[in-house]
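To keep things clear, I will list the structure first and then write my remarks on it.
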Amino acid sequence: MLAPRHKPTIPPAFNGETVTWTHHWTDRLFSFRCTRDPGLRFVAGQFAMIGLMVEGKPLVRAYSMVSPPWDEELEFLSIKVQNGPLTSRLQHVQVGDTVLIGKKPTGTLLCENLLPGKTLWLLGTGTGLAPFMSLIREPDVYEHYEKVVLAHTVREVKELAYRELISRDLPAHEFLGEMLRGKLLYYPSVTREPFPTQGRITTLLESGQACRDLGLPPLSVERDRVMLCGSEAMNADMKALLEARGFTEGSNSTPGSYVVEKAFVTK
Ligand code: A2P
């Protein structure tokens, strides 16, 4: 029997999944959900190659999973760039469309790549929030840490994606609520508009303001563990700040006191 004409042939490294939901936060930022192959396994914090078939070929980029591993669907957060090869197309996906999801998720933002500690800092700028949305809904994380700080820095208030989910829905969540209430500290900051917490997370940590605002002791390699996911500039500045305080980078082979991943797609 012939395959229906509108269904592209999916290359073997990918599953073809169906878009189930889209949400546009701003003219530069959107999220979508899709079905998940029951065979796809991943750990909170990992990314997969995702994208679209374009002119018979896969056009894919690395995207961190926003959804936690226990979610039966997958969710992603993406920027929209009008002339970006992938995002100029991906931003138009509609419910029912097919997206490519790579079968081999990977990445370094994993709890097991960090040495034991008391406070876990998840520091993201822009779409670098994505892997942390998965991690803050992973029950395991709360067993390893006394406090989990999610710091998200964006230019404008409307770019604080998932703000209501984090601050309102999660603490009220049927299963996760009790576990994360009082443990998960959300620390949004905005750089180019008035907002209660203004400035880059680098500046807020350097000055000690972030710790004072959160009622936490000053950043120290003895008690704090850090995951970074931002632009190259943000990652480099945070690395310098952490290494000056004695933090060492962890990897999939050797755990350390911080780990880092680029917020991938910029086009
Ligand atoms: P700023 O407005 O001061 O540049 P972008 O939208 O360019 O990806 O940036 C997302 C957020 O990351 C912005 O609030 C931006 O602040 C911030 N940012 C950019 N570069 C750095 C850096 N080197 N360290 C910390 N934050 C940064």
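Atoms within a ligand are numbered from 1 in the order they appear, just like the ligands themselves.
- What sits closest to atom 13 (C) of ligand 1 on the protein, heavy atoms only, is T191 OG1, 3.6 Å.
- There is no protein heavy atom closer than 4.0 angstrom to atom 8 (O) of ligand 1.
- Contacts between V154 and ligand 1 below 4.0 angstrom, taking non-hydrogen atoms only, involve the backbone exclusively.
- Judged by distance alone, the side chains of T125 and T153 never bring a donor and an acceptor atom under 3.5 Å apart.
- Residue T153 approaches ligand 1 through these ligand atoms, each under 4.0 Å from one of its heavy atoms: 11 (C), 14 (O).
- At the shortest separation from atom 18 (N) of ligand 1 among protein heavy atoms lies R200 NE, 3.7 Å.
- At least one side-chain heavy atom of P69 sits under 4.5 Å from a side-chain heavy atom of E138.
- Rounding to the nearest 0.5 Å places OH of Y258 at 11.5 Å from CG of L114.
- By the criterion of a heavy-atom distance under 4.0 Å, the side chain of R28, and not its backbone, is placed next to ligand 1.
- Heavy-atom distances between I201 and ligand 1 stay at or above 4.0 Å for every pair.
- Residue-ligand proximity, D237 to ligand 1, at heavy-atom distances under 4.0 Å covers atoms 22 (C), 23 (N), 24 (N).
- At a threshold of 4.0 Å, the pair R33-D71 counts as salt-bridged, since one of the basic side-chain nitrogens sits closer than that to a carboxylate oxygen.
- With a heavy-atom cut-off of 4.0 Å, R155 touches ligand 1 through backbone and side chain alike.
- Salt-bridge annotation for E243 and K239: absent, with no side-chain N of the basic residue lying under 4.0 Å from a carboxylate O of the acidic one.
- From D237, atom CG reaches atom CG of L228 across 10.5 Å, with rounding to the nearest 0.5 Å.
- Close approach of ligand 1 to R192 is summarised as follows: ligand atoms under 4.0 Å from at least one heavy atom of the residue are 1 (P), 2 (O), 4 (O).
- Formation of a donor-acceptor pair under 3.5 Å by the K80 side chain with backbone atoms of R89 is not found in this model.
- Close contacts of ligand 1 with T125, meaning ligand atoms under 4.0 Å from a residue heavy atom, involve 11 (C), 12 (O).
- Using a 4.5 Å cut-off on side-chain heavy atoms (C-beta onward), L120 and K183 make no contact.
- Only side-chain heavy atoms of T202 come within less than 4.0 Å of ligand 1; its backbone N, CA, C and O stay farther off.
- Under 4.0 Å from ligand 1, heavy atoms of M234 appear from its side chain as well as its backbone.
- For E156 and R192, the salt-bridge test fails: no basic side-chain N is under 4.0 Å from an acidic carboxylate O.
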